[in-house]
Number of protein chains: 2
Amino acid sequence: MNRRSHCPISFALELFGDRWTLLVIRDLALMGKSSYTDLLCSDEGIATNILAERLARLEQRGIIRKERDTQDRRRSRYRLTEAGLDLIPVLVEIIVWGANNDDESAIGPEFVREAETDRAGLLARLRADGLQL
Amino acid sequence: MNRRSHCPISFALELFGDRWTLLVIRDLALMGKSSYTDLLCSDEGIATNILAERLARLEQRGIIRKERDTQDRRRSRYRLTEAGLDLIPVLVEIIVWGANNDDESAIGPEFVREAETDRAGLLARLRADGLQL
DNA sequence: CAACGCACTTGTGCATTGCAAGCCAGCACG
DNA sequence: CGTGCTGGCTTGCAATGCACAAGTGCGTTG
């Protein structure tokens, strides 16, 4: 691997420093999605070649695991590994910042308040159940 | 502005969903840099046209403020606004994740420990003084 | 006032991305 | 068994983004 520096932020950006990767991780981590077609139908409208490339990359870097569906063997299931789940705190801080700085945010102040008052509880709930919108 | 969705993560990625923007914010927020030439000399080696474009964008979006240096009026000083400083928690979580997942990380476990045991204190210190490496 | 440094701007070529279309394997149905 | 449909990609091509090099204008310095 050809690294730009040993800064952990630079390291992280080499994984998700683009317009799509974190949205895929959001969908897997918080939105309860796990199939290719579900991931393809996000509000933002990711292109299919980009999604395929990102999933391959995330799998290769150990962020997600790919499994065959036991019911329908055409279908794949994508799941976060531990390293992937560990990105939830990053997502939470981004959501808090976005909610505080975007007038039209879909996330309200109650999420922000919970992140401030019961951060550990929130993180545990998200890791177990996702956002449950 | 042409938004992809009202998800706060998508909103945030429209600001820093690329390979360079967060590194610029890191240098301003944590590395104590404020001049164009300092920012240009990061370990990662950002190109000058990219840096100029990102600074203009960050200023327009209210993340940084551009001031003239009072000593040398050729020189500009770039400083984070409140909205910019509010990105420090995001940076911290990324650093923690990077330090935990990169074998060759330049940040050691003592940062991670402090983030777990005294998060509020760490955030206050970083906001006031940066990383002080 | 000549030379230099700072903060850019412009130009060019290559790499990455976005969008549309096509492809193939695995079901589902008759 | 054939026909069609669905899920998960792959390919082709245009558009965008990035890297590298060079040049510009203004302010400071010798």
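Please read these numbers as outputs of a predicted model, since none were measured by experiment.
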**Prompt:** For residues 25-50 of chain A, which residues have at least one heavy atom under 4.0 Å from DNA chain D?
**Reply:**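 Going residue by residue through residues 25-50 of chain A, the ones with a heavy atom under 4.0 Å of DNA chain D turn out to be A/Y36, A/T37, A/T48, A/N49.
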
Just by modelled atom types, is the [Y] backbone N or O under 3.5 Å from a matching donor or acceptor in the [X] side chain?
X	Y	answer
A/T81	A/G62	yes
B/W97	A/A83	yes
A/R79	A/R65	no
B/R77	B/E67	no

**Item:** Residue closer to the 5' end of DNA chain C, B/L55 versus B/R19 (nearest nucleotide)
**Value:**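 With B/R19 and B/L55 compared, the 5'-side residue is B/L55.
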
**Message:** Please tell me whether A/R75 and A/S35 have a donor and an acceptor in their side chains that are separated by less than 3.5 angstrom.
**Reply:**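 Distance-only check fails for A/R75 and A/S35.
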
**Distance in angstrom units between A/W20 CH2 and C/dT17 C1', rounded** =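 So the two atoms are 10 Å apart, to the nearest Å.
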
**Request:** Report the distance from atom CZ of B/R54 to atom C1' of C/dA7, rounded to the nearest whole Å.
**Result:**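 Distance check: B/R54 CZ to C/dA7 C1' gives 17 Å.
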
**Message:** Taking side chain to side chain donor-acceptor pair (under 3.5 Å) as the definition, give me every residue that meets it alongside A/E59, ordered by chain and number, with sequence neighbours left out.
**Reply:**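 In terms of side chain to side chain donor-acceptor pair (under 3.5 Å), with neighbours along the sequence ignored, A/E59 is linked to no residue.
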
Side-chain donor-acceptor pairs under 3.5 Å in residues 120-133 of chain A, sequence neighbours left out?
residue: A/R125; atom: NH1; partner: A/E114; partner atom: OE1; Å: 3.3
residue: A/R125; atom: NH1; partner: A/E114; partner atom: OE2; Å: 2.7
residue: A/R127; atom: NH1; partner: A/E82; partner atom: OE1; Å: 3.1
residue: A/R127; atom: NH2; partner: A/D86; partner atom: OD1; Å: 2.5

**Asked** Should the pair B/R26 and B/W20 be classed as cation-pi, given the thresholds of under 6.0 Å to the six-membered ring centre and 45° from the axis?
**Response**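 Relative to the ring axis of B/W20, which defines the angle, B/R26 lies outside at least one limit.
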
**Item:** Proximity to DNA chain C (any heavy atom under 4.0 Å), residues of residues 63-76 of chain A only
**Value:**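 Contacting residues: A/D72, A/R73, A/R74.
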
**Message:** Judged by each residue's nearest nucleotide on DNA chain D, which is more toward the 5′ side, A/R77 or B/D18?
**Reply:**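 Result of the comparison: A/R77.
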
**Item:** Ion pair A/R74/A/D69, N-O distance below 4.0 Å
**Value:**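 Judged by the 4.0 Å cut-off on N to carboxylate O distance, A/R74 and A/D69 do not form a salt bridge.
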
**Prompt:** Under the side chain to side chain donor-acceptor pair (under 3.5 Å) rule, what pairs show up with a residue in residues 98-110 of chain B, not counting sequence neighbours?
**Reply:**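 Listed once each, the pairs are A/R3-B/D102.
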
**Prompt:** On DNA chain D, which is the earliest and which the latest nucleotide, 5' to 3', with an atom closer than 4.0 Å to a heavy atom of chain B?
**Reply:**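 So the outermost contacting nucleotides come out as D/dC18 to D/dT28.
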
